[in-house]
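One is the number of the first residue; the rest follow in order along the sequence. Every heavy atom of this structure was used, including side-chain atoms; hydrogens, water molecules and symmetry mates were not.
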Amino acid sequence: MASRSSSSLRARLGRLAAPLLEARILVPVVLGLLFVGFASAGLAVGAWQNVCATCPSVAQIRTWEPEQTSKLLAADGRLISELGMQRRTPVAIEDLPPYVPQAVVSIEDHRFYRHNGFDIWGFSRAATGQLMGQYRGGGSTITQQLARNMFLERVGNERRYTRKLRELQVAFELERSYEKDQILEAYINEIYMGRGYGFQSASRAYFGKNVTEVDVAEAALLAAILNRPTFYDPFRNPEAALFRRNLVLSAMAEHGYLEPEEAERWKQAPLPVEDHSSESIHGIAPYFEEWVRQILDSRFGDEVYRGGLRVYTTLDLDVQRAAVEAMNWGWERIEAVPGYRHPKYAAFDTVASFEGGETPYLQGMMVVVEPSTGQVKALIGGRDFEHSKFDRARLARRQAGSSFKPFVYVSALSSGLPASHIVSDQPVVYSQVSGEDWRPSNFDGEFRGPMTIREALRSSINMVAIKLGWEEVGIETVAQTARRMGITTEIERFPSTTIGAVEVRPLEMAEAYTAFANLGTKVRPFPILRVEDADGELLWEPQPERTQVLDSLPARLMVDMLQDAANRGTGINLRTVGNLPYEVPAAGKTGTTNDGTNTWFMGFTPNLTAGVWFGMDRPVPITYNATGGAYAAPVWGRFMRHVYYGMDSATDSTATAGTFDEGVVPIPGPWPMPVELTTREVDGRSGKLWSPWCSDAVDPATVDEDGPRPVMRRYTEYYIPGTEPTEMCDDSRRNMFRIPQGIGPVGRRGGGGGG
């Protein structure tokens with residue numbers, strides 16, 4: 001009985017003790033499981049954090065701004081070009097037609113407005129497709145794609161799950177930091193589109209217009225391209241692009257953004273056929289753009305390429321178009337001259353570029369400056385920027401020829417010599433440093449005897465310029481005048497310098513000639529009006545640099561003499577071939593160097609100064625008897641006719657960059673004649689006061705085997721007070737004779753020409 005009771009008690013105690021014994025075993029197990037669970041969770045969190053150790057911080061995500069190209073704008077605000085590492089122009093989503101973001105959402109992420117950055121259904125669809133070996137679209141949402149594009153260096157672009165995790169973490173933070181429309185706007189502006197970044201750059205490249213102006217079919221094409229920009233490029237793979245665009249239109253209809261009938265109608269729209277990407281890379285003035293870029297780079301550094309600066313330049317797009325047309329006409333005209341022996345430009349249409357920038361075909365340049373301000377209104381530094389980026393307007397050093405002579409003549413006028421001063425056109429011989437003799441000649445090989453310096457400049461007589469600059473005024477005075485007026489290249493103190501053997505830069509010649517146009521004040525040419533940051537705050541506003549370099553009276557006399565040279569002298573072709581009406585007051589000087597290697601016309605009106613040059617990159621004669629009067633002056637006149645009267649594509653066959661029916665620069669009135677200047681009637685052969693004893697019919701010096709060539713010797717001359725002639729002309733006591741003709745070899749240091 002006792003033993004049975006004892007057994008019963010032990011059984012009851014065993015039943016009571018069993019849970020305690022089980023607890024002693026289970027607690028460590030449970031604790032172990034909890035520890036493993038927490039450890040796993042900790043490891044997962046740590047792994048999550050470690051996976052994104054290189055991800056941007058929350059602060060970086062919330063303060064992120066996209067890189068923006070800097071915009072180069074014409075003086076009137078029209079876009080010329082863009083500068084940037086990644087060509088991107090942001091556009092606000094509220095400025096877009098609604099069907100642009102709708103097209104993107106429809107094809108890329110139609111649940112965009114319903115998820116928090118991760119679309120489980122889209123991810124599952126993509127994963128299932130991967131398992132089954134089928135492509136069912138990407139699993140990344142728009143937010144994830146934006147995360148990858150915004151922080152590519154940190155998130156990465158490799159095909160790994162770790163990249164997806166980094167992408168996802170940044171996407172979640174984007175969703176917490178920004179509104180949905182802000183995310184979509186950033187995506188539309190940030191995504192790579194093959195021909196730039198963002199929809200604006202793509203729209204300019206594919207359609208030639210802003211993204212705010214696209215229609216539904218064009219919006220669908222942009223949304224199609226972003227998936228695989230190279231494959232769906234409509235110019236490279238039109239069939240694939242068309243299929244994908246129509247797929248986007250179907251998706252828009254499926255998700256309620258278009259009626260099915262609308263989608264079908266837009267599917268009939270053609271794809272673009274004209275590629276505008278080249279004009280969005282370089283505008284109509286590539287040499288001008290490069291000049292501006294170099295200035296900005298030296299002042300603002302990388303901000304130029306990332307910060308979205310707005311750079312208002314001095315360029316006038318219509319004036320530039322007129323310059324392009326005139327120069328193209330000039331190049332084609334010269335290449336069509338009988339006897340032209342050089343390779344022609346058209347033969348190199350398949351060449352990408354020339355090493356070193358030196359081309360084998362005819363080159364040229366034009367620079368146009370507003371003399372009152374120094375603003376460069378147009379600049380052409382060469383024939384083809386892709387072939388050669390060397391800027392012949394700013395950087396080339398070429399002999400100036402007779403376009404240098406005005407520095408000699410204005411030095412003479414400033415020293416007190418009148419325009420009626422007589423210098424004899426006859427042969428001279430000068431000893432050179434080498435010990436050889438230099439025997440210069442006139443362009444035509446003839447010598448005309450005594451003449452006024454006005455007539456000598458008009459006819460571009462070398463002998464007179466040499467004697468005037470070397471013997472009467474002095475070469476040092478001439479050199480200092482040229483230096484003061486803007487010529488910074490070396491001016492050698494040799495007789496040949498007086499007729500343009502010196503090498504000059506065209507832009508500096510234009511600067512010097514502004515002193516004539518302004519009646520004594522030169523102005524430094526510059527290309528930038530102002531620079532603003534992306535928010536419109538002014539960063540830099542260059543000011544004109546004006547310097548008084550000539551007294552006004554000698555400057556006005558020089559303008560009058562240069563008007564003679566342009567209207568009745570070696571520059572007459574600007575009127576007769578270039579068809580510039582006489583209503584436009586014009587002045588200037590031709591220039592031709594030995595054997596027609598360089599041909600120039602440097603000229604000006606009261607409101608424009610312009611220089612034209614033609615030549616080969618490697619200095620060789622262009623053609624036999626090439627002159628600035630025959631080649632450069634007509635182009636100058638044609639250009640001026642365009643800007644003052646308009647450019648019509650029907651008559652201007654080379655006008656490929658746009659036309660305008662009316663002039664874009666007002667026709668100026670003539671330069672005022674200072675009341676201080678006096679006038680006298682003088683004899684053009686002697687420079688003396690006219691009298692009844694002077695012959696007014698035929699100058700004996702003009703009689704040759706073809707008979708007399710009548711020359712009216714009586715004319716009215718302007719004088720600075722105190723320089724008027726006092727002696728009367730008296731032919732009754734003059735024994736006039738002709739100077740023997742002759743021509744000597746041009747010396748080694750020669751370089752001037754008559755044309």
Side-chain angles (χ1 to χ4, degrees), residues 69 79 81-82 84 86-91 93 95-110 135 137-138 140 142 145-146 149 184-185 187-255 257-258 260-284 349-350 352 386 656-657:
T69 57
L79 180 67
S81 187
E82 299 178 50
Q86 298 178 348
R87 299 187 58 256
R88 180 188 290 108
T89 303
V91 179
I93 195 168
D95 294 333
L96 295 172
Y99 43 78
V100 172
Q102 289 168 0
V104 174
V105 169
S106 295
I107 195 66
E108 288 296 316
D109 185 3
H110 68 271
Y135 179 74
S140 294
I142 283 176
Q145 294 180 55
L146 178 62
N149 281 278
L184 185 57
E185 177 183 302
Y187 178 78
I188 288 172
N189 287 315
E190 179 69 15
I191 194 72
Y192 178 62
M193 296 292 289
R195 300 180 185 232
Y197 287 79
F199 274 34
Q200 171 63 10
S201 295
S203 181
R204 295 298 311 176
Y206 292 113
F207 312 126
K209 59 185 176 182
N210 295 325
V211 69
T212 55
E213 302 167 342
V214 299
D215 60 30
V216 174
E218 291 165 338
L221 180 59
L222 292 175
I225 290 170
L226 69 83
N227 181 261
R228 295 171 65 188
T230 301
F231 185 73
Y232 292 123
D233 186 314
F235 304 127
R236 296 175 179 172
N237 199 348
E239 292 183 1
L242 182 64
F243 175 82
R244 178 75 179 178
R245 184 204 68 178
N246 291 346
L247 185 65
V248 174
L249 291 169
S250 295
M252 293 177 71
E254 179 185 349
H255 298 296
Y257 295 120
L258 290 178
E261 305 80 38
E262 287 182 279
E264 291 305 314
R265 187 172 69 251
W266 284 114
K267 288 180 183 179
Q268 306 310 310
L271 293 177
V273 294
E274 183 179 356
D275 187 351
H276 298 270
S277 57
S278 60
E279 64 190 54
S280 60
I281 295 173
H282 292 299
I284 191 175
D349 59 347
T350 60
E386 297 303 325
T656 59

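Taking both residues in full, the closest heavy atoms of Ala269 and Ala217 are given as CB-CB, 3.7 Å, listed atom of the first, atom of the second, then distance. Shortest non-hydrogen contact noted between Ala205 and Phe235 is O-CE1, 4.3 Å. The minimum heavy-atom distance between Ala223 and Val248, with the atom names listed, is CB-CG1, 4.1 Å. Here the closest non-hydrogen pair linking Leu249 and Ala263 is O-CB, 3.7 Å.
Residues Leu226 and Tyr192 are not in side-chain contact: their nearest non-hydrogen atoms beyond the backbone lie 4.5 Å or more apart. A 4.5 Å side-chain heavy-atom check between Tyr206 and Asp233 finds at least one atom pair inside the cut-off. Within the 4.5 Å cutoff, side-chain heavy atoms of Tyr232 are placed close to those of Asn227. Between Pro234 and Leu242, every side-chain heavy-atom pair lies at or beyond the 4.5 Å cut-off. In this structure the side chain of Val105 never reaches within 4.5 angstrom of the side chain of Asp109, judged on heavy atoms. Between Met193 and Pro229 the shortest side-chain heavy-atom distance does not fall below 4.5 Å. Counting heavy atoms from C-beta outward, Asp95 and Val211 have side chains that stay 4.5 Å or more apart.
Here the straight-line distance linking atom CD of Glu264 with atom OG of Ser250 works out to 6.0 Å at 0.5 Å rounding. For the atom pair CZ of Phe199 and CG of Leu96, the computed distance is 9.0 Å after rounding to the nearest 0.5 Å. Note that CD1 of Ile284 and OG of Ser81 are 12.0 Å apart. Values are rounded to the nearest 0.5 Å. For the atom pair Met252 CE and Leu247 CG, the distance stands at 12.0 Å (nearest 0.5 Å). The distance from the CG atom of Leu271 to the CG atom of Leu221 is 6.0 Å, given to the nearest 0.5 Å. Atom CZ of Phe207 sits about 12.5 Å away from atom CD of Glu274, to the nearest 0.5 Å.
Gln200 and Asn189 form no side-chain donor-acceptor contact under 3.5 Å, judged by distance and modelled atom types alone. Looking only at atom types and distance, the side chain of Tyr187 has a donor-acceptor partner in the side chain of Gln145 under 3.5 Å away.
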Could you go through residues 97-104 and list every donor-acceptor pair under 3.5 Å that involves a side-chain atom there, pairing it with any protein atom two or more places apart or in another chain?
| unit_1 | atom_1 | unit_2 | atom_2 | d |
| --- | --- | --- | --- | --- |
| Tyr99 | OH | Val214 | O | 2.7 |

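Under the ring-ring contact (aromatic ring centres under 6.0 Å, His included) criterion, Phe243 pairs with no residue, sequence neighbours left out. Here Glu262 pairs with nothing under the salt bridge (charged side-chain N to carboxylate O under 4.0 Å, His left out) rule; sequence neighbours left out.
The closest donor-acceptor contact from the side chain of Asn210 to the backbone of Thr212 lies at 3.5 Å or more, if one exists at all.
A salt bridge is defined here as a Lys NZ or Arg NE, NH1 or NH2 lying under 4.0 Å from an Asp or Glu carboxylate O, and Glu218 with Arg245 fails to meet this definition.
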Decide side-chain contact (heavy atoms from CB on, under 4.5 Å) for Ser203 and Glu213; before the verdict, give the C-alpha distance in whole Å, the side-chain angles of both, and the deciding distance to 0.1 Å.
CA-CA 9 Å; Ser203 181; Glu213 302 167 342; over 6 Å; no

Show, in sequence, the C-alpha distance, side-chain angles and deciding distance for Glu108 and Arg244, and conclude whether the salt bridge (Lys or Arg N to Asp or Glu O under 4.0 Å) test is met.
CA-CA 12 Å; Glu108 288 296 316; Arg244 178 75 179 178; 3.7 Å; yes

